[in-house]
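Notes to accompany the following structure.
Hydrogens, waters and symmetry mates are skipped; everything else that's a heavy atom, side chains included, is used.
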2 protein chains.
Amino acid sequence: MEEGTFLSQGNTCVPGPLRAGDTVERGACAVTEVLDRVGSKWSIMVIVSAAAGPIRFTELERKITGISRRMLTLTLRNLERDGLISRTVYPTAPPKVEYALTEVGIELNEYLAQLTTWAERHRTTIHQARTAYDAARAAG
Amino acid sequence: MEEGTFLSQGNTCVPGPLRAGDTVERGACAVTEVLDRVGSKWSIMVIVSAAAGPIRFTELERKITGISRRMLTLTLRNLERDGLISRTVYPTAPPKVEYALTEVGIELNEYLAQLTTWAERHRTTIHQARTAYDAARAAG
DNA sequence: CAGCATCCTGGGCGATACTG
DNA sequence: CAGTATCGCCCAGGATGCTG
């Protein structure tokens with residue numbers, strides 16, 4: 001498999017405190033690192049799907065409507081590589097593979113849940129803001 | 001400006017509790033909504049940059065290394081549309097425009113900070129996981 | 001079933017030139 | 001200064017066929 005085709009992957013952040021005048025990369029770098037692994041909606045979907053317990057490849061494919069086989073594989077590999085998800089192969093016939101969140105993955109999922117809460121709390125507000133903005137634009 | 005070119009924009013999530021067997025969209029939908037607004041690294045960078053207080057267009061352009069003028073504009077418009085950032089024009093010559101986080105934007109920024117904390121806490125672990133994974137692959 | 005490799009296309013994004 | 005409009009490139013990602 002070719003490298004560097006899925007998300008950025010190449011983020012090397014320099015740790016340490018920020019100083020005034022720094023470019024924002026210094027500050028947003030850690031956030032960017034997060035995005036590098038969960039910034040795509042597929043990653044999120046996989047994490048959420050696996051949160052309830054171990055889940056198989058085809059189950060994921062069925063549960064996450066619209067994902068292509070290719071992207072599911074790619075996403076799983078990346079999450080596995082980052083140690084957010086574990087992959088267990090049962091040498092049966094036909095083969096059976098289960099994916100489950102790791103400790104770190106579980107923790108991440110909890111933070112994502114926080115964001116979910118935020119989104120739900122402000123869903124209406126944001127939607128209204130959009131409508132208002134668009135109306136204002138249309139009015140000229 | 002053309003519509004629908006920046007991120008997805010078209011997410012209509014159905015609220016309400018989940019039921020077993022639901023596709024994961026139902027559960028991840030709110031998360032996806034979040035990503036629709038802050039899923040790009042540029043959005044994050046802008047939010048973080050504006051977190052310290054009102055900031056001007058050119059300041060943003062300078063602070064966020066690598067962003068194109070086009071993307072900065074697009075990102076700002078979207079954040080403004082969602083009511084996450086406010087835009088204030090001072091009718092001077094030359095014109096002066098200041099961007100600042102709204103209440104909702106500030107709150108979001110706090111959740112992003114949580115994610116940052118998570119990322120920093122596990123940076124080393126994740127990096128090691130990657131190295132191990134790559135090594136295992138290389139070994140065959 | 002799980003998943004790798006190949007082909008191919010759309011649109012996201014950078015670069016640039018122009019305006020009030 | 002703070003944008004907008006236009007052009008063109010590139011690659012993320014969908015579709016698909018092949019294996020163990």
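A donor-acceptor pair under 3.5 Å is formed between the side chain of B/Ser86 and the backbone N or O of B/Ala100. Remark: the backbone N or O of A/Leu74 is paired with a side-chain donor or acceptor of A/Asn78 at under 3.5 angstrom. A donor-acceptor pair under 3.5 Å is absent between the side-chain atoms of B/Ser43 and the main chain of B/Gly39, judged by distance alone. Judged by distance alone, the side chain of A/Thr75 and the main-chain N or O of A/Trp42 form no donor-acceptor pair under 3.5 Å. A donor-acceptor pair is defined here as one N or O able to donate and one able to accept, closer than 3.5 Å; such a pair exists between the side chain of A/Glu59 and the backbone of A/Arg56. In terms of modelled atom types and a separation under 3.5 Å, the side chain of A/Thr102 and the main chain of A/Gly83 share a donor-acceptor contact.
Contact between the side-chain N/O atoms of A/Arg70 and the OP1/OP2 oxygens of D/dA12 is not found at any separation under 4.0 Å. For B/Thr73 and D/dG3, the shortest distance from a side-chain N or O to OP1 or OP2 is not below 4.0 Å. Contact check, B/Arg69 against C/dC13: no side-chain N or O comes under 4.0 Å of OP1 or OP2. For B/Trp42, a side-chain nitrogen or oxygen approaches OP1 or OP2 of C/dG14 to under 4.0 Å. Distances shown here put a side-chain N or O of B/Arg56 below 4.0 Å from the OP1 or OP2 atom of D/dA2.
Atom-to-atom, CD1 of B/Ile85 to P of D/dA2 comes out at 14 Å; the value is rounded to the nearest Å. Atom CD1 in A/Ile67 sits about 13 Å away from atom P in C/dG3, given to the nearest Å. One interatomic measurement links the two molecules: CD of A/Glu61 to P of D/dT16, which rounds to 13 Å at whole-angstrom precision. Spacing between atom CG of A/Leu72 and atom C1' of C/dA2 amounts to 10 Å, rounded to whole angstrom units. Note: CZ (A/Phe57) to C1' (C/dA2) measures 6 Å, nearest angstrom. Per the geometry, CG belonging to A/Leu74 stands 15 Å off C1' belonging to C/dA2, to the nearest Å. Spacing between atom CG of A/Leu76 and atom P of C/dC1 amounts to 16 Å, rounded to whole angstrom units. Nucleotide D/dC1 holds its C1' atom 13 Å from the CG atom of B/Leu60, rounded to whole Å.
Residue B/Leu79 holds its CG atom at 8.5 Å from CG of B/Leu101, rounded to the nearest 0.5 Å.
You'll find the side chain of A/Arg87 reaches within 4.5 Å of the side chain of A/Arg77, heavy atoms only. Between A/Val46 and A/Leu72, the closest side-chain pair of non-hydrogen atoms falls below 4.5 Å.
Shown are B/Arg130, B/His122, B/His127; of these, the side chain to side chain donor-acceptor pair (under 3.5 Å) with A/Asp82 is made only by B/Arg130.
For A/Met71, whose side chain is taken as the heavy atoms from C-beta onward, the closest listed nucleotide among D/dT4, D/dG13, C/dG3 is D/dG13. Listed candidates were D/dT4, D/dA2, C/dG3. Nearest to the side chain of A/Arg137 is D/dT4.
Within residues 92-101 of chain A, the residues having any heavy atom closer than 4.0 Å to DNA chain C are, in order of number, A/Pro94, A/Pro95, A/Val97, A/Tyr99.
Defining each end axis of the helix from C/dC1-D/dG20 to C/dG20-D/dC1 as the rotation carrying four pairs' C1' atoms onto the next four, with five pairs an end, the two axes are found to diverge by 50° to 10 degrees.
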